[in-house]
Structure formats: C-alpha cells, structure tokens
Amino acid sequence: MKDIFKSINVLNPSIVFIVLVLLTITTVLLSGIDVSDSTAVIIALAVASIKAALVLTYFMHLNHEPLVFKVFLGVAFFTLLVIFLLTFSDYSFREMS
Amino acid sequence: MTEQTATVEIPHHHDETGTRLGFWLFLYTELFLFAAFFLIYAVYRSNYLVEFRTAAESLNTGIGTQNTIILLASSLTMVLSLNALKAGKARMAKTFLQFTITLGLAFLVIKGFEWGAKFDHHLFLQTTKGIAAGEGSLLLNPSAEMLPVGQVLFFGLYFIMTGTHALHIVIGLIWMIIVYVWISKGSINPDNYGTLERCGLYWHLVDLIWIFLFPLYYLVA
Amino acid sequence: MEPSQSGSYLQSHTSSRWTKGFMSWFMSTDHKRIGIMYGVSMFSFFGLAVLLGFFIKLQKLFPAASGWEIIPPELYGSFFTLHAVIMIFLFIVPGAPAILGNFFLPLQIGAKDVAFPRVNLLSYWLYLFGAVMAVAGIVLGGADTGWTFTPPYSVTTKTISLFGFTVDSVSWMLVATFILGWGTILTGINFIVTIHRMRAEGMTFFKMPLFTWSIYATSWLQVLATPVVGITLLMIVIERILPVGFFDPAKGGDPILFQHLFWIYSHPAVYIMILPSMGLISEIIPTNSQKSIFGYKSIAIASCSIAGVGYLLWAHHMFTTGISDFAAILFSFLTFLVAIPTAIKVFNWTATLYKGSIVLTPPMLFALAFIFNFSIGGLTGMFLGSLSTDIHLHDTDFVVAHFHYTMFGGAAFGIIAGIYHYFSKMFGKMYSMKWANRSFIFMFIGFNTLYFPMLILGFFGMPRRYHTYPDIPVYNNLQMLSTFGSWILVTGVVLVLGTWIHGLIKGKRTTEQNPWNSSTLEWQTATPPTLFNFEEAVVVTREPYDYHGFREDVKNGKAAGVIHD
C-alpha cells in the first residue's frame with residue numbers, strides 16, 4: 001500500500017472524495033429539517049452545485065485545462081440557465097383558470 | 001487521361017488537447033439531453049407540488065445515499081487509475097479500473113433492486129395498466145387504487161430519468177472493459193493514455209448527473 | 001507506394017483498401033469527398049421533396065367545389081409532412097455546413113482536413129441511415145402529424161397500413177430524426193474543434209473568411225440545441241409505446257411543454273439553416289464586386305450574436321397557445337432584437353456593392369436574389385413577431401410564405417449560389433454560363449410568383465395545411481397564380497440541377513486556380529484541390545478581403561496572402 005502513496009498522487013483526489021461524501025451526508029441531514037419547499041430545493045441544489053464544481057475542477061481536471069475549456073463550460077451553463085429562466089417566464093406567470 | 005490512383009496514408013495528426021476539447025463538447029450535448037429532462041421535471045414539479053412530494057417519500061433515501069457514495073467512490077478510483085497510468089504503473093491502473101467497474105456494477109445492482117421494489121409496489125406498471133384500462137384517461141377510470149396524475153408523472157419521470165442514467169452507466173462500463181483490454185494489450189499505455197482519460201471524463205459526467213438526480217428525487221420530499 | 005500529394009483529391013484516396021468506385025467514396029475520410037457525398041444525397045432528397053411540393057400546389061389549382069382533386073384529403077397530410085420533413089431535416093438544416101462547410105472550411109483556414117475525419121464520415125453515415133429510415137417509414141406507413149409532431153395528436157394518431165405493411169411510421173420518423181440529430185451534432189463538434197485547433201499559421205480569428213465565421217456560429221447552435229429536441233422526440237416515442245403521458249393532458253401532461261422543448265431546438269434550427277447561407281453571400285458579394293467587404297468585423301460578430309439571440313426567442317411560435325402574457329411580451333421583444341444583427345448584415349452587403357466593380361455571374365445573381373428574398377422573409381417575420389398581428393396571421397398561408405421566403409428564397413438560394421460559386425473548384429469542371437443564367441431567371445420569377453400571392457392569401461385568412469379552400473374569387477385567382485408560379489419554379493429547379501449534371505459530365509475541364517479573382521484562401525490552391533489541400537505550409541499574412549493587397553500580391557507573382565515556405 002505504501003508504494004501507491006509514493007508513486008502516484010492519491011492524497012489530493014482522496015481529500016476531494018471525502019469532502020464530496022461529507023457534502024452528501026450534509027445534504028441528506030439537511031433534508032430532514034422542516035423548511036418551506038422552495039428553501040429545501042434551493043439548499044439541495046446549492047449543495048449539489050458545490051459537489052458538481054468539485055467534480056468538474058478536480059476529477060475532470062478542469063483546473064489544468066487551457067482557458068478555452070473554461071469558456072466553453074461557461075457558454076454551456078449560461079445557455080442552460082437561459083433555457084430554464086425563459087421557460088419559467090411562461091410558467092411562473094400563467095394565469096391559471 | 002490516365003486514371004492515376006494514388007493511395008495516401010493519412011499523416012497521423014495527434015492533437016490530444018483538440019480531441020479532449022471535442023470530447024468536452026460531446027459531454028455538453030449529454031448534459032443538454034438531461035437538461036431537457038430536468039426542465040420537464042421542474043415544470044411538472046411546480047404544477048404538481050403536493051403529488052411530487054408525496055411520491056418522493058416512497059423513494060428510499062438510504063438506498064439513494066448509498067448509491068451516491070458508491071458512484072463518488074467509483075469516480076475516485078477512476079481518477080487514481082488515470083494517475084497511475086500517467087505515472088507508468090499500468091498494472092496499478094488496471095487494478096483501480098477493476099474497482100471502478102465493480103462499483104459501477106454495484107450501483108446497477110442496487111438500482112435494479114430499487115426498481116424491482118417499485119414494480120412490486122404497483123407504482124409503475126400497475127398504474128399504467130390502470131390508465132390503459134381507462135382508455136387513456138385517468139379521469140374515466142373508477143379504480144380506487146389509481147394514483148393521482150401528478151404522482152404518475154413523477155414515477156414516469158423517475159423511471160425514464162434514472163433509466164437513461166442507468167443506460168449511460170452501462171455504456172460507461174462497456175467502454176471501461178474495452179479500455180481494460182487495451183491496457184492489457186498495451187495499446188493504451190503511459191505514453192498514450194488519451195482514451196482512458198476520455199473514458200474517465202465520461203464516467204465523471206455520469207456521476208455529475210447523478211449528483212443532481214439524487215437530491216431532486218430522494219431529498220426534497 | 002511512396003505517399004504522393006500531387007494528385008487531385010478526385011484521384012487520391014485516404015483508404016488503401018478501396019481505390020476505385022463507390023467504396024472509395026463511401027469509406028473515404030477526406031472532407032472534400034464527404035462534402036460531395038452529402039451534396040449528392042441532399043439534392044436527391046431535395047428533388048423528391050420538390051416533386052411533393054409540386055403536387056401540393058397542383059391540388060390548390062382549383063377549389064374542391066369545382067370537382068378538382070389530385071391528392072385525396074387523407075393523403076394530403078402525409079404529402080406536406082413528408083415534404084417538410086425532407087426539406088427541413090434532410091436538406092436545409094444539414095445543407096450548407098455539410099456540403100460546402102465540409103468542403104471549404106478546412107480550405108478556408110488552411111487545414112489539411114477537419115479535426116476528426118473518421119467522426120466526419122460517421123456523421124455522413126448517420127445522416128444517410130436516418131434519412132432512409134425517415135423516408136421509408138413515412139412512405140410505408142404515412143404520417144400526417146406535420147414536421148412539428150405536436151402532441152397529443154402525434155401520440156394518439158393511429159398507424160396507417162399501406163401495401164400490407166403495418167409500420168408505426170410516426171415512431172420511425174421520430175427515431176430517424178433523433179439519429180439525424182446526432183449526425184449534425186457530431187458535424188458541429190468537428191467544426192468547432194477544427195476552427196479552434198487547426199487554423200494555419202497567421203490565421204487569427206479575425207482573419208478567418210466570413211463563411212467560416214458563420215459555420216462557427218452555426219456549429220454552436222447545433223451542439224447546444226439539438227440534444228434537447230432529440231430527447232423530447234424520443235419521449236413521444238415512449239409515450240406511444242408505454243402508457244405514460246408526459247405531454248398528454250388526459251394523463252396530466254402539458255402539451256405546451258412539448259412545444260417549448262421542441263422550439264428550443266427548432267427555432268435555433270432556422271438560424272442553423274440561414275447562417276451558413278449568409279456566410280456564402282458574404283463570400284460571393286465581395287468577390288463579384290472586387291472590393292473588400294464593408295464592415296468585416298461587424299458581420300463576423302453579427303453571426304455570433306444572431307446565434308446567441310436566436311437561441312432566446314423560441315416561444316414566438318407559441319403566441320396563440322396560451323403562454324403567459326409576460327412570456328409573450330418578452331419573446332416578442334427578443335424577436336425584434338434579432339432583427340438588428342440581421343439587418344446589419346443586409347446593410348453591409350449592400351454597402352459592399354457601392355462603387356464596386358460588379359460582375360453579374362450566376363452566383364452573384366443568386367446572391368442578389370438572396371438579399372431581395374431574405375429581406376421580404378425577414379420583414380414579414382417582424383409582422384409575425386408582433387403580438388397583435390400574429391393573432392391574425394398565425395397558422396395562415398402568410399406564415400408558410402414567410403418561412404419559404406427565408407428558407408427557400410434565403411437559405412436554399414444561398415446554397416445554390418454557393419455551389420455555382422465553388423463548382424469549378426470542387427470538380428475541376430465548369431458549367432454552362434448561359435444555362436446557369438436561364439436557371440436563375442426561372443428560379444427567381446417562379447419563386448416570387450409562387451410565394452408572394454401566398455402572403456396575400458394568408459392576409460385574407462387562408463389557413464395553412466388545408467386540403468382546399470372555399471370557392472370565392474380572391475382565393476381562386478391568387479391560388480391559381482401561385483400554382484402557375486410553382487410550375488415556373490419547378491422548371492427552374494430542373495434547370496439548376498440539369499446545369500450541374502451537364503457541367504459534371506460534359507463541362508469544360510479547368511485547372512484555373514482562381515477564376516473569379518477571389519482573395520480568400522480557398523482559391524489559392526490547385527483546382528481541384530489535392531488530397532491535403534495545400535502543397536506547402538500555409539502562412540497567412542493578409543486580411544481575408546483585402547483586395548488591394550491581393551492585387552499587389554498577384555502582381556508580384558505571389559499567391560494572395562499565402563507565403564510558400
């Protein structure tokens with residue numbers, strides 16, 4: 001086992017993994033608290049976003065990639081955001097008859 | 001005019017960064033494919049809030065958490081496998097890849113049991129049979145066992161989203177097995193690890209999608 | 001054999017197994033051959049769809065009350081569905097990027113090939129497979145959902161059995177569209193990476209020709225919009241097979257949500273169709289005016305902003321479906337916003353013509369017709385984008401005429417102009433100028449005679465997709481005029497295709513590098529190009545449309561803008 005630790009970088013990914021597990025447990029525990037639905041969704045999605053950012057940055061090595069990779073990611077996420085916002089510009093303002 | 005036929009070897013053009021860039025773009029298309037699902041989920045959740053929350057309670061948070069951690073662990077071993085191969089340790093890379101494959105299979109098995117339990121509890125097929133009996137309309141069906149339409153939509157989305165995700169896991173597993181064989185044969189090696197890297201990126205994306213599926217189905221009940 | 005670069009791509013092969021005949025094309029990873037294969041397949045399907053359109057218009061020659069019936073009412077729906085599916089999914093969406101983009105994008109940026117040649121071939125196979133599947137499905141089973149597949153009708157419509165087959169043709173077509181979608185996605189990924197990674201030395205982003213810019217913007221739309229519709233269409237298939245109801249109101253679903261998801265793709269898709277043609281026009285106009293294009297950067301940026309804003313206005317197809325007033329106003333505003341970069345382009349093209357040495361070659365005639373038709377198409381789009389007039393004009397022939405003015409009079413005229421422009425470079429042969437000019441006259445007059453009356457018909461309330469119309473003079477006269485126009489237009493299409501085929505078989509051989517005296521990079525290499533496009537390393541030193549520097553370079557015996565090391 002010691003051989004592994006010497007030859008390759010096990011420590012950093014493992015720390016990221018532990019943080020991810022801790023965040024998972026946190027979000028499960030937080031879901032037990034009785035809050036309004038929208039707050040619960042916001043908390044759950046916020047934790048999920050932090051986890052996603054960790055996976056993107058460290059597991060998918062975005063931190064070592066050239067700038068253009070990050071710009072592409074920004075374009076993709078911005079487009080996603082716009083799709084959701086514009087669709088809800090309809091659903092949030094529907095007059096339910 | 002004489003038909004001169006010259007066969008020309010394509011000069012091998014290795015642009016690892018370019019290939020990776022293209023692969024990331026492919027990953028975005030996968031992301032947008034799931035984004036459509038998430039958008040449908042969001043709209044129906046806002047329309048049928050109570051039914052969605054009731055239906056979500058029937059999903060087992062424990063199993064969901066377990067699967068989340070399994071998938072995160074498989075991502076970790078995937079990273080380690082790539083790190084090992086980059087460091088020239090092909091055998092160690094294979095061992096870590098074995099771990100990843102095992103964890104992926106474990107995820108599928110647990111998912112299978114969960115699906116099976118849902119089938120037993122008449123949450124999907126029974127419901128839809130009921131709809132079919134009512135000739136396409138729940139409103140016409142007098143059966144007392146029927147679920148409200150909001151819950152039917154919830155389970156419909158649950159099965160199609162987790163099903164599509166499971167399909168991606170299967171594709172990832174097949175790809176990993178191929179990569180495993182290629183490492184054994186030596187065509188993927190410390191100097192040429194691009195395929196393993198892309199396989200890893202794909203696997204992390206599958207993990208990433210699960211990170212969002214998990215809270216939306218198991219937690220916000 | 002010693003790798004040789006000297007032969008033209010028509011004689012050299014990328015595969016060592018097949019050096020002759022069909023397989024040397026079908027298995028080729030050479031971007032030029034793939035482009036030509038796309039061209040042949042697409043124009044075959046185009047011909048089929050034109051034939052269907054001819055019958056659709058023939059049906060409208062007289063009202064049904066006079067006893068006129070060419071197509072029975074139950075088949076009419078299948079006819080316009082097949083016409084639309086072929087024209088949209090098999091011809092105009094993949095059209096310009098797949099044919100001319102494949103062929104000229106690497107040439108324009110000085111690359112040897114696209115970034116992933118084998119993926120490029122895979123895209124073509126996916127295209128061909130999906131195309132055959134879609135056409136076979138609908139021919140065997142018939143489908144009258146329209147190309148939009150709007151539920152609940154697309155879910156509940158029964159499978160029709162023809163010739164003893166029972167084919168669930170709607171599901172077939174939906175799956176086929178999904179496969180076609182992956183073909184365009186892979187092409188888009190390929191082009192983005194090619195543009196980012198394979199530009200020649202000195203070819204900065206703002207030295208790229210404008211066609212490349214428009215392909216770049218298009219590729220982004222292909223990558224980011226197509227997956228959404230792919231999965232949505234598959235959900236319709238699932239709904240047809242399993243009794244779940246994602247979009248069926250009887251089962252709690254919301255059919256308007258389907259329309260949102262559908263138009264999230266299909267509105268950007270109209271920019272996928274028109275942007276590459278705009279790029280081609282931006283090549284043809286400066287070449288045939290022998291003058292630098294007016295506002296190069298603004299056209300390049302306009303391409304990207306059309307793609308960006310074009311993503312944000314899908315719900316203007318849904319003003320009458322009961323979306324919220326807030327959304328309707330927002331989407332109407334965004335619709336008007338996209339007119340700005342579009343108009344910038346039109347103004348820049350006309351400003352380029354000013355004081356230029358204009359040569360009315362066939363591609364130039366088609367390019368000028370593009371500006372004329374597209375202006376009508378774009379402006380009628382503004383009528384439809386404003387909320388109040390849209391209530392009146394929605395689902396009438398006005399809409400049909402509007403999108404034919406943009407898609408046919410715009411995008412398709414652009415592709416035809418592009419092929420006339422690049423014909424000698426692609427094949428090393430020249431078509432007959434005389435017949436090319438004649439084809440233009442028939443196309444232009446026929447097109448406007450067919451579609452302008454439809455604008456008026458729509459204004460008078462003629463609904464689209466109807467099998468016939470009431471027997472009143474205003475409808476009778478305009479419908480008849482429109483059908484006459486369709487005959488002229490079909491003659492024009494036959495002449496265009498005939499001119500090309502004749503040029504291919506009997507055209508004069510030419511090896512002239514740069515017959516139109518164009519300053520962009522794709523003309524500064526052999527005709528037809530060699531397998532690796534350029535014999536020596538390419539270094540780009542000039543702006544793409546710097547005609548002054550180009551003439552200096554030619555005078556000094558240098559190929560324009562390219563330093564051969």
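Bear in mind the structure is a predicted one, so any value in this text is a computation, not a measurement. Chain letters run A, B, ... following the sequence lines, proteins first and then strands; every chain starts at 1.
Around CZ of Phe78(A), the count of heavy atoms belonging to other residues, nucleotides or ligands within 6.0 Å does not exceed 12. Around the CZ atom of Phe333(C), the shell of radius 6.0 Å holds no more than 12 heavy atoms that belong to other residues, nucleotides or ligands.
Of the two parts of Leu257(C), the backbone and the side chain both hold a non-hydrogen atom closer than 4.5 Å to a non-hydrogen atom of chain A. Within the 4.5 angstrom heavy-atom criterion, atoms from both the backbone and the side chain of Ile323(C) approach chain A.
Looking only at side-chain heavy atoms (C-beta outward), Leu224(C) and Leu80(A) stay at 4.5 Å or farther from each other. Side-chain contact between Thr87(A) and Trp314(C): present, with at least one pair of heavy atoms (C-beta onward) separated by less than 4.5 Å.
When all heavy atoms of Ile256(C) and Tyr91(A) are compared, the closest pair comes out as C-OH, 3.9 Å. Between Leu86(A) and Leu312(C) the shortest heavy-atom distance is CD1-O, 3.5 Å.
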Practice prompt. Using the side chain to side chain contact (heavy atoms under 4.5 Å, CB included) rule, take Asp325(C) and Phe93(A) through it: C-alpha gap first, then chi angles, then the decisive distance, then the call.
Written response: CA-CA 7 Å; Asp325(C) 291 348; Phe93(A) 296 93; over 6 Å; no
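If you look at Phe72(A) and His196(C), their ring centroids are closer than 6.0 Å.
Taking CZ of Phe331(C) as the start and OG of Ser89(A) as the end, the distance is 4.5 Å to the nearest 0.5 Å.
Asp90(A) places a side-chain N or O within 3.5 Å of a backbone atom of Ser324(C) that can act as its donor or acceptor partner.
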